[in-house]
Amino acid sequence: GGPVDVGDRRLGITIDESDPKRFVLYVDNEEIPLIQEFLYYKSMVGDNSVDYKRASGAYIFRPDGEPLPLCDNQIKPRRVSGPVVQEIHRECNEWVSQVIRKYNGDDNIEFEWLVGPIPNDDKIGKEVISRFRIPFYKNNQTFYTDSNGREMLKRILNYRPSFSLKENVENVSGNYYPITSRISLTDQQTRFSILNDRSQGGSSLQDGEIELMVHRRIFYDDAFGVNEALNETAFGVGLVARGSHYLTLGSVDKQFVVERLLSQRKLIQPQYFFAEKQSVVSYEELK
Amino acid sequence: EPKITVLRETMGVMQHHDAITGTEKQHVANDYARLLNEAIEECKEASCSILSGLATGIETTGCKTCHLLNISQCEVSEHSEQFVLTLYNPLSRPVTEFVRLPIAAETAYTVVDPSGQSLTVQFVPLPNAVLRIPGRKSSATAELVFQAKDLPPLGYKSYLITKQSSSYDIKSLPRAKRSAESET
């Protein structure tokens with residue numbers, strides 16, 4: 001019952017027109033609320049003379065305050081549907097947009113993000129994250145991140161296995177980890193994972209929440225040797241980055257297979273070779 | 001062998017954490033991009049000559065790659081009346097790939113797989129934000145999407161992709177002829 005924008009009630013998603021960061025996920029006919037939004041951390045500025053004056057930079061992620069929302073939602077989402085793929089095209093603002101898609105028969109929902117050029121007029125460094133949240137999901141401040149695409153390492157918020165962590169003054173970056181291909185939460189019945197198509201920093205700072213950093217543009221060096229701000233440009237403006245996150249959600253016993261096969265497929269993709277035909281031939285002739 | 005070793009050596013350099021994360025100086029990052037691009041080009045020549053010995057329709061001379069598919073730009077798919085797309089699957093198990101090729105909108109294409117079946121295709125408009133990417137030099141405003149099923153392990157499949165005459169336009173095209181298995 002009821003239309004599903006992308007996919008179907010076995011695995012699909014519908015966007016809330018009135019608040020485009022809100023979605024309803026359909027998994028095996030269950031309806032699960034999902035919030036997906038783009039935010040940015042302001043980069044800490046400092047002269048690096050003493051520790052508490054360190055600037056965020058290439059070798060340091062040091063946010064200044066809570067992440068700020070990015071989407072002004074001026075433009076309504078656009079839906080595309082057909083026999084191979086269904087998509088929702090969403091423009092957050094001038095320099096952040098996203099396509100949410102599901103291919104027929106596939107076991108994941110793809111969030112293809114496009115970020116940049118990050119504006120530099122206010123000279124405030126911006127470190128952009130994509131944050132997914134399933135309200136009321138209980139994962140006991142525990143999440144799992146892969147280690148170079150292999151074993152999954154257990155992470156607990158504000159905790160270190162090898163020493164007792166004093167109060168974590170850097171309570172955001174102190175909980176960030178390298179996500180080379182996957183970050184997962186589990187409430188013991190289901191497993192909620194986001195797979196990425198390249199290494200990114202990420203964490204789960206609240207129960208039910210996963211965030212991954214997709215792009216950074218910073219205007220101060222962090223005095224760790226590179227002696228240059230992390231401020232890559234192309235064609236005279238800030239660099240544009242494009243990539244995908246793949247959302248999977250399902251029963252714990254089933255999801256490992258789904259994630260393992262998906263990450264291989266996305267990280268070791270087929271190679272494309274093109275051969276132009278000078279004159280149009282029929283299939284039989286070509287055969 | 002020497003054409004492949006260049007990429008091996010370059011990937012050796014790319015193991016540095018700066019290369020992976022992009023935290024090196026800008027001119028070093030640009031040099032990494034140059035090294036990778038040259039090495040991939042060398043490797044492509046080797047791949048093409050091997051493939052042309054194996055696959056139908058791949059002449060070494062005409063063999064091309066599209067490295068800018070990540071910004072939905074591809075000279076071949078945007079301007080050719082007809083071309084063969086060969087997909088090589090590097091995994092040791094069959095894989096299904098959803099192919100997306102940038103095309104000039106309002107143009108219909110047919111896709112025929114190696115068994116002669118015409119595949120179900122879909123034409124998807126590109127988001128406006130993609131059309132605005134600085135440096136993107138492409139006339140494509142849509143993508144041709146189809147499912148390449150069961151690419152053989154460590155093997156390839158070739159697809160014959162033909163632009164329909166201009167009398168077609170996407171809207172009038174009947175839902176593409178469904179290949180037998182997709183009906184079942």
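Proteins come first, then strands; the chains are lettered A, B, ... in the order of their sequence lines, and each starts at number 1. All values below were derived from every heavy atom in this structure, side-chain atoms included, with hydrogens, water molecules and symmetry-related copies excluded.
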Peer 1: At a 4.5 Å cut-off on heavy atoms, which part of A:Gln200 comes close to chain B: side chain, backbone, both, or neither?
Peer 2: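 When you check distances to chain B, no heavy atom of A:Gln200 falls under 4.5 Å.
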
Peer 1: Which one, B:Val95, B:Thr162, B:Val124, leads in non-hydrogen pairs under 4.5 Å with chain A?
Peer 2: B:Val124

Peer 1: Looking only at heavy atoms and a cut-off of under 4.5 Å, which of B:Ile161, B:Val130, B:Leu69, B:Ile20 has the most pairs with chain A?
Peer 2: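 Ranked by contacts with chain A, first place is B:Val130.
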
Peer 1: Under 4.5 Å from any heavy atom of chain B, what part of A:Val99 do you find: side chain, backbone, both or neither?
Peer 2: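 It is the side chain, since no backbone atom gets that close.
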
Peer 1: By a 4.5 Å heavy-atom criterion (distance strictly below it), what part of B:His79 contacts chain A: side chain, backbone, both, or neither?
Peer 2: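 Neither part, no heavy atoms under 4.5 Å.
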
Peer 1: Could you tell me which portion of A:Ile268 (side chain, backbone, both or neither) has an atom closer than 4.5 angstrom to a non-hydrogen atom of chain B?
Peer 2: both

Peer 1: Ignoring hydrogens and geometry, is there a side-chain-to-backbone donor-acceptor pair from A:Asp222 to A:Ala58 under 3.5 Å?
Peer 2: yes

Peer 1: Is there a donor-acceptor pair closer than 3.5 Å between any side-chain N or O of B:Gln122 and the backbone N or O of A:Val85?
Peer 2: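 Flag set: sc B:Gln122 to bb A:Val85 pair under 3.5 Å.
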
Peer 1: Does any heavy atom of chain B fall under 4.5 Å from the side chain of A:Pro178, the backbone, both, or neither of them?
Peer 2: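 Neither part; nothing is under 4.5 Å.
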
Peer 1: Checking heavy atoms, do the side chain of A:Ser282, its backbone, both or neither come under 4.5 Å from chain B?
Peer 2: backbone

Peer 1: Could you tell me which of A:Pro270, A:Gly236, A:Ser81, A:Gly116 has the largest number of non-hydrogen atom pairs under 4.5 Å with chain B?
Peer 2: A:Pro270

Peer 1: Check this for me: does any side-chain nitrogen of one of A:Arg79 and A:Glu17 sit under 4.0 Å from a carboxylate oxygen of the other?
Peer 2: yes

Peer 1: Is it the backbone or the side chain of B:Thr65 that comes under 4.5 Å from a heavy atom of chain A, or both, or neither?
Peer 2: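 Contact with chain A involves both backbone and side-chain atoms of B:Thr65.
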
Peer 1: Heavy-atom distances under 4.5 Å only: say whether B:Gln26 touches chain A with side chain, backbone, both or neither.
Peer 2: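 B:Gln26 touches chain A through backbone and side-chain heavy atoms alike.
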
Peer 1: Under the 3.5 angstrom rule, does the side chain of B:Glu38 hit a backbone N or O of B:Leu35 as a donor-acceptor pair?
Peer 2: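 Judged by distance alone, no pair lies under 3.5 Å.
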
Peer 1: Between B:Tyr159 and chain A, which part of the residue has a heavy atom less than 4.5 Å away: side chain, backbone, both or neither?
Peer 2: neither

Peer 1: Taking atom CD1 of A:Ile75 and atom CD of A:Glu91, what is their separation to the nearest 0.5 Å?
Peer 2: 4.0 Å

Peer 1: Please classify the contact between A:Leu239 and chain B as side chain, backbone, both or neither, with a heavy-atom cut-off of under 4.5 Å.
Peer 2: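 Answer is neither: A:Leu239 stays 4.5 Å or more from chain B.
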
Peer 1: For the atom pair CD1 (B:Ile40) and CE (B:Met11), what is the distance rounded to the nearest 0.5 Å?
Peer 2: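 These two atoms lie 8.5 Å from each other.
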
Peer 1: Under a 4.5 Å heavy-atom cut-off, does chain A meet the side chain of B:Thr96, its backbone, both or neither?
Peer 2: backbone

Peer 1: Using non-hydrogen atoms only, which part of B:Val145 is less than 4.5 Å away from chain A: side chain, backbone, both, or neither?
Peer 2: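 Contact with chain A is through both the backbone and side chain of B:Val145.
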
Peer 1: Measuring only between side-chain heavy atoms, which start at C-beta, is A:Ile13 closer than 4.5 Å to A:Phe111?
Peer 2: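 Side chain of A:Ile13 against side chain of A:Phe111, heavy atoms only: contact under 4.5 Å found.
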
Peer 1: Parallel, tilted or perpendicular, judged at 30° and 60°: which one describes the rings of A:Phe61 and A:Tyr41?
Peer 2: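 Correct class here is perpendicular.
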
Peer 1: Under a 4.5 Å cutoff for heavy-atom pairs, which residue among B:Gln147, B:Arg132, B:Lys44 has the most contacts with chain A?
Peer 2: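 The answer is B:Arg132.
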
Peer 1: Got a salt bridge between A:Arg182 and A:Glu259, using NZ or NE/NH1/NH2 to carboxylate O under 4.0 Å?
Peer 2: yes

Peer 1: Would the distance check show the side chain of B:Lys157 and the main-chain N or O of B:Asn89 forming a donor-acceptor pair, the cut-off being under 3.5 Å?
Peer 2: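 Not at all, since once roles are kept as given, no pair shorter than 3.5 Å links the two residues.
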
Peer 1: Do A:Ser203 and A:Asn175 pair up side chain to side chain, a donor and an acceptor below 3.5 Å, judged on atom types alone?
Peer 2: no

Peer 1: Need one label for A:Asn104: side chain, backbone, both or neither, based on atoms under 4.5 Å from any heavy atom in chain B.
Peer 2: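 Answer is backbone: N, CA, C or O of A:Asn104 sit under 4.5 Å from chain B.
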
Peer 1: A:Val281 versus chain B, heavy atoms under 4.5 Å apart: side chain, backbone, both or neither?
Peer 2: both

Peer 1: Does any backbone or side-chain atom of B:Ser92 lie under 4.5 Å from a heavy atom of chain A? Answer side chain, backbone, both or neither.
Peer 2: neither

Peer 1: Under 4.5 Å, counting heavy-atom pairs only, tell me which of B:Leu151, B:Thr21, B:Asp18 racks up the most with chain A.
Peer 2: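 Among B:Leu151, B:Thr21, B:Asp18, the one with the most close pairs to chain A is B:Asp18.
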
Peer 1: Looking at A:Arg217 and A:Ile118, would you say the former's side chain and the latter's main chain have a donor-acceptor pair under 3.5 Å?
Peer 2: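 Pair found, side chain donor or acceptor close to backbone of A:Ile118.
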
Peer 1: Measure distances from A:Val240 to the heavy atoms of chain B and classify the residue's part below 4.5 Å as side chain, backbone, both or neither.
Peer 2: side chain

Peer 1: Evaluate the side-chain proximity of A:Thr248 to A:Asp107: yes if any heavy-atom separation is below 4.5 Å, no if none is.
Peer 2: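 The answer is no, as the side chains (C-beta and beyond) never meet within the 4.5 Å cut-off.
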
Peer 1: Does A:Glu170 have more than 12 heavy atoms from other residues, nucleotides or ligands lying within 6.0 Å of its CD?
Peer 2: yes

Peer 1: Do you know which of B:Ala29, B:Pro90, B:Ser47, B:Cys74 has the most heavy-atom pairs with chain A at a distance under 4.5 angstrom?
Peer 2: B:Pro90

Peer 1: Given that the side chain runs from C-beta out, which part of B:Leu101 has a heavy atom under 4.5 Å from chain A: side chain, backbone, both or neither?
Peer 2: side chain

Peer 1: Sort out for me which of A:Arg90, A:Arg198, A:Arg216, A:Glu94 touches chain B most, counting heavy-atom pairs under 4.5 Å.
Peer 2: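 The answer is A:Glu94.
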
Peer 1: For A:Arg265, is it the side chain, the backbone, both or neither that has a heavy atom under 4.5 Å from a heavy atom of chain B?
Peer 2: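 When you check distances to chain B, atoms from both the backbone and side chain of A:Arg265 fall under 4.5 Å.
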
Peer 1: Checking salt bridge (charged side-chain N to carboxylate O under 4.0 Å, His left out) between A:Glu87 and each of A:Arg78, A:Lys102, A:Arg101, which is the one that passes?
Peer 2: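 Running salt bridge (charged side-chain N to carboxylate O under 4.0 Å, His left out) over A:Arg78, A:Lys102, A:Arg101 with A:Glu87 returns exactly one hit, A:Arg101.
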
Peer 1: Which atoms of A:Glu284 come close to chain B, meaning under 4.5 Å heavy atom to heavy atom: side chain ones, backbone ones, both, or neither?
Peer 2: neither

